[in-house]
Amino acid sequence: MLGEYLGAGASTTKLLLHLNGNSTDSSGNGNNGTVDGATVVDGKFGKCYSFDGSNDIIYGSNTGIPGSGDITV
């Protein structure tokens with residue numbers, strides 16, 4: 001989404017996580033995340049992740065973002 005906001009176009013989006021109860025990549029590139037420690041809870045509009053501040057991580061890899069390698073949210 002950052003690429004779209006900057007005016008570069010949707011084709012530049014490599015990873016799009018809505019964090020609405022899953023870590024599926026919505027960009028269509030298949031760069032799904034792996035959740036470790038975060039829990040799914042009810043949010044204002046559906047589901048969301050709850051991070052309690054202690055080892056809650058979402059890992060992503062092979063995003064295709066130059067220089068990024070693996071990423072962590």
- Query: With sequence neighbours left out, which residue pairs that include part of residues 40-49 fulfil the side-chain hydrogen bond (donor to acceptor under 3.5 Å, both in side chains) condition?
  - Reply: D42-K47
- Note on the structure: Of all heavy-atom pairs linking C48 and G43, the shortest is SG-CA, 3.8 Å
- Quick one: OG on S26 to CG on N32, what's the gap to the nearest 0.5 Å? 9.0 Å
- V35 versus V40: any side-chain heavy-atom pair under 4.5 Å? no
- Rounded distance (nearest 0.5 Å) linking atom CG of L19 with atom OG1 of T24: 10.5 Å
- I58 versus G33, closest heavy-atom pair with distance: CG2-CA, 4.2 Å
- Partner set under side-chain contact (heavy atoms from CB on, under 4.5 Å) for N20, not counting sequence neighbours: H18, N22
- Message: I'd like to know whether CG of D52 has more than 12 heavy-atom contacts from other residues, nucleotides or ligands below 6.0 angstrom.
- Response: yes
- Item | Residues forming a side-chain hydrogen bond (donor to acceptor under 3.5 Å, both in side chains) with S27, sequence neighbours excluded | D25, N29
